[in-house]
Protein chains: 2
Amino acid sequence: MKRVTIKDVARVAGVSYATVSRALSGSPEIGEETRQRIIQISKEMGYTPNSIARSLVIQSTKIFGLIVGRINNPFMSEIAYYVEKHARDQGYNLMLCNSGSDLDHEEETYRLLVGRQVDGIIIIPAGADSYERLKPHLGATPTVFMSENLKDLRESYVTVDNYKGTMLGVDYLYSLGHRNILYFGRRLGSLTHQLRAEGYEDACKRYGLTPAFVDSHYTHSSIKKGYALAAELFRTREHLKYTAIMASTDTMALGIIKAADEFGLRIPQDFSLVGFDNINFSSLPKINLTTIDQPKKAMAAAAVDMLIHKINDPTIGYSHRIMEPTLIVRDSCAPLQNNP
Amino acid sequence: MKRVTIKDVARVAGVSYATVSRALSGSPEIGEETRQRIIQISKEMGYTPNSIARSLVIQSTKIFGLIVGRINNPFMSEIAYYVEKHARDQGYNLMLCNSGSDLDHEEETYRLLVGRQVDGIIIIPAGADSYERLKPHLGATPTVFMSENLKDLRESYVTVDNYKGTMLGVDYLYSLGHRNILYFGRRLGSLTHQLRAEGYEDACKRYGLTPAFVDSHYTHSSIKKGYALAAELFRTREHLKYTAIMASTDTMALGIIKAADEFGLRIPQDFSLVGFDNINFSSLPKINLTTIDQPKKAMAAAAVDMLIHKINDPTIGYSHRIMEPTLIVRDSCAPLQNNP
DNA sequence: CAGATAATCGCAAACGTTTTCAGCTTAATA
DNA sequence: TATTAAGCTGAAAACGTTTGCGATTATCTG
């Protein structure tokens, strides 16, 4: 199963392999007749250039590394889809790695990718300390961070305006007449979540509402976590103080939905609910979650463009891009009927 | 931003680069003291071996290509997650590509990956004709097909027993007392779907039930497609003839759920429903779809193991692995109360 | 017709490794 | 003491490309 190399086609064509290389890469200094002949022959022989050898000499692999927490997470896979698509359009392939949202594993993965000589790395960081951990390795390979805000990040990133996002949610709920809105989810550890909570808080203040929080100590949002928290809320009848819930995350909102279902509470009749992220779960029948959308496609495109710029001009420094969130209205919110 | 090569550390250590290479790769013929010294030095200098150069000489990239329709499809992303994990454990990284479920694009992608010198390719084929299209390129790179059955596939693949899967569904519905079960979804074009339909049909025959089908001409299952079909079914009141529906796919089932919701039909009170695939949507609150599970994790592991075997022994021929489906009982089915 | 210019093409170095083979020490054996 | 063996190390080839530079031929120009 010997692969056919450039030498083989050169021998057959009766030219040097330099000529073959030039003919196939469309170099202008090759006669048109010989070029056509060489192309013809290489096709017949089934020649495919060895991009490993090519990478070695041109010092570029045309590969991007993409590090996500877990690709089976709907948000991540959505991002990955657009990143792959956009990168491929620009001539780059993608090396996909799961960090498992674990800092050690993430660091190891990052180093592995630079060893693989990828031209650039796009990473959805595992946690708040990712930057600190990755810092010593940065600089060897152009990198852009995505989606998560990190504290004092002196590196390129693209993210959504999380602060504004929750504000949009509160605006909407307020416009429906809600005056007692509970914030449901994480506030600390992650800058992203901090900003979301602050957006909620400031929006409340602006309307003269008193902010209220439900949270606990945990590091990753999940349906299970949301369910546990919500079940506790319903059990203690604490929720009766509020007519609407602003969730920090769609997955948390799903947990709420599950608990509500079990407690016989109806959404939006018994309370309104808005999520954050617009993962594709949320548009499902019976779920129909009103939520804040992160423009995943645009974010992905921005990230790869940013990366390519950085590759073309390494002296460019870093840049930040904060994208606009939008409110997606579905069926989980209703106007407030009776003032409690 | 000059990268440090093996020569650099050799110079500093005062040995030849052959020695450095041997020391770092744990070759037994290097003195322990020099090895430690070299390791120390290479660490201090921040040396990371260039795996491109390495790949060129050892004729192996330690990379697998993974071609999926779209990574944002929940089923695909689940597979991808486990493939990456298992492959990485075996020392392989993953190059991810979306084929967009398009045959042309798939073929182009496949060729691209062999040009990239990947050691093997795992592919979830785009359609029934994938094999025909890919045939000329096969043989250069070990390949295993996944999940989709293809006609006369003289290549390695791992899939689930689709025939048995729908049988399980019918068994279950029958055991609940249902005697009028409708099969909802595609039957032709894809061997996978053909098998599912046949499993249903044979199970019906075994119980003396008369099979009934709802399908139409389409090539990809989707919620939208399922919704359209179901809405038509409900509008014509045709569904009253049946007390249960066996859907060809979870996504189709979701379409049914959506339509049912709009027509005021309740599941499982008005009819029972079982899906196929067990995508993670189906476990969501308010959905809770009873369905047939494909053992995605085991399938992924089997695929990469199969690929590694093939790489280690290219003369091994091809092999087929058909995994066991299982019934996942959730809340979309109920015992039949009144015989219609 | 001599010389110059342009159009093609080949030579060989380079990319950063791994690995074979041979060479050099040093210690052990006869 | 001479010989052998064992243990380390180095020189160099190989992997399959790209590309700067020089060489060759053909075509003009004067």
Side-chain angles (χ1 to χ4, degrees), chain A residues 1-39 41-42 45-63 91 112 114-119 140-141, chain B residues 1-39 41-42 45-63 91 112 114-119 140-141:
Chain A
M1 200 184 293
K2 180 113 180 57
R3 266 173 170 139
V4 29
T5 78
I6 204 174
K7 292 189 187 183
D8 299 323
V9 2
R11 195 174 341 100
V12 174
V15 297
S16 76
Y17 41 95
T19 305
V20 177
S21 169
R22 278 188 267 252
L24 296 182
S25 64
S27 168
E29 44 182 13
I30 293 291
E32 198 47 36
E33 329 88 271
T34 41
R35 151 166 304 129
Q36 289 308 331
R37 198 167 57 85
I38 289 176
I39 291 181
I41 290 177
S42 75
M45 300 180 66
Y47 167 70
T48 24
N50 183 327
S51 43
I52 295 295
R54 177 162 208 277
S55 292
L56 188 59
V57 36
I58 68 172
Q59 296 285 67
S60 157
T61 52
K62 289 288 180 178
I63 296 179
L112 185 137
V114 343
R116 286 237 182 243
Q117 312 295 121
V118 297
D119 288 351
T141 308
Chain B
M1 199 185 293
K2 179 111 181 58
R3 265 171 172 143
V4 29
T5 78
I6 204 174
K7 293 189 186 181
D8 299 323
V9 1
R11 197 176 337 101
V12 174
V15 296
S16 76
Y17 41 96
T19 305
V20 177
S21 169
R22 278 189 269 251
L24 295 182
S25 64
S27 170
E29 43 183 10
I30 293 289
E32 198 48 35
E33 328 88 271
T34 41
R35 151 164 305 128
Q36 289 308 331
R37 199 167 56 85
I38 289 176
I39 290 181
I41 289 177
S42 75
M45 300 181 65
Y47 168 69
T48 24
N50 183 328
S51 43
I52 293 295
R54 177 161 206 277
S55 292
L56 188 58
V57 38
I58 69 173
Q59 296 285 67
S60 157
T61 52
K62 288 288 180 178
I63 296 179
L112 186 137
V114 342
R116 286 241 183 238
Q117 313 294 120
V118 297
D119 288 351
T141 308

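No hydrogens, no waters, no symmetry mates; every other heavy atom, side chains included, goes into these values. Note that the coordinates shown come from a computational prediction; the quantities given were computed from them, not determined experimentally. In what follows, every chain begins at residue 1, and chains take the letters A, B, ... in the order their sequences are listed.
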So do the side chains of V9(B) and Y17(B) get within less than 4.5 Å of each other, counting heavy atoms only?
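The answer is no; the side chains never approach within 4.5 Å.
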Within the 4.5 Å heavy-atom criterion, are R116(B) and I63(B) side-chain neighbours or not?
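No - every pair of side-chain heavy atoms lies 4.5 Å or more apart.
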The side chain of N50(A) is closest to which nucleotide in this list: dG16(D), dT9(D), dT18(C)?
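Within the option list, the nearest is dG16(D).
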Positions of residues 17-27 of chain B (non-hydrogen atom under 4.0 Å from DNA chain C), listed by number
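Within this stretch, Y17(B), A18(B), S21(B), R22(B) sit under 4.0 Å of the strand.
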Net bend of the helix from dC1(C)-dG30(D) to dA30(C)-dT1(D), end axes of five pairs each, nearest 10 degrees:
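Terminal axis comparison yields 60°.
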How many Å lie between [atom1] on [X] and [atom2] on [N], as a whole number?
| X | N | atom1 | atom2 | result |
| --- | --- | --- | --- | --- |
| R3(A) | dG16(D) | CZ | P | 10 Å |
| R35(A) | dT8(C) | CZ | P | 10 Å |
| E33(A) | dA7(C) | CD | P | 13 Å |
| E32(B) | dC8(D) | CD | C1' | 13 Å |
| I52(A) | dT18(C) | CD1 | C1' | 15 Å |
| D8(B) | dT17(C) | CG | C1' | 13 Å |

Look for any protein N or O under 3.5 Å of an N or O in nucleotides 23-28 of chain D and output each such pair with its distance, or none.
none

Give every residue pair that meets the salt bridge (charged side-chain N to carboxylate O under 4.0 Å, His left out) criterion with at least one member in residues 15-26 of chain B, sequence neighbours excluded.
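Pairs touching residues 15-26 of chain B that pass the test: R22(B)-E29(B).
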Between T19(B) and V15(B), is there a donor-acceptor pair closer than 3.5 Å when you use the side chain of the first and the backbone of the second?
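Checked: no pair found.
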Closer than 3.5 angstrom, by distance alone: can the side chain of T141(A) be matched with the main-chain N or O of V114(A) as a donor-acceptor pair?
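No: the side chain of T141(A) does not pair with the backbone of V114(A).
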On DNA chain C, nearest-nucleotide positions of G14(A) versus A53(A): which is more 5'?
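Of the two residues, G14(A) wins.
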Between dG16(D) and Q59(B), is there an OP1 or OP2 to side-chain N/O distance shorter than 4.0 Å?
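True: Q59(B) side-chain N/O within range (under 4.0 Å) of dG16(D) OP1/OP2.
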Strictly below 4.0 Å: does T34(A) bring a side-chain N or O up to OP1 or OP2 of dC9(C)?
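For T34(A), the contact criterion (side-chain N or O under 4.0 Å from OP1 or OP2 of dC9(C)) is met.
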Which pairs count as side chain to side chain donor-acceptor pair (under 3.5 Å) when at least one residue sits in residues 52-62 of chain B, sequence neighbours excluded?
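Pairs touching residues 52-62 of chain B that pass the test: S60(B)-D119(B), T61(B)-D119(B).
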With side-chain contact (heavy atoms from CB on, under 4.5 Å) as the test, pick out the partner of V20(A) among I41(A), I6(A), T34(A).
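The passing option is I6(A).
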Restricting to side chain to side chain donor-acceptor pair (under 3.5 Å), what partner residues turn up for R37(A), sequence neighbours left out?
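Result, side chain to side chain donor-acceptor pair (under 3.5 Å) vs R37(A): none returned.
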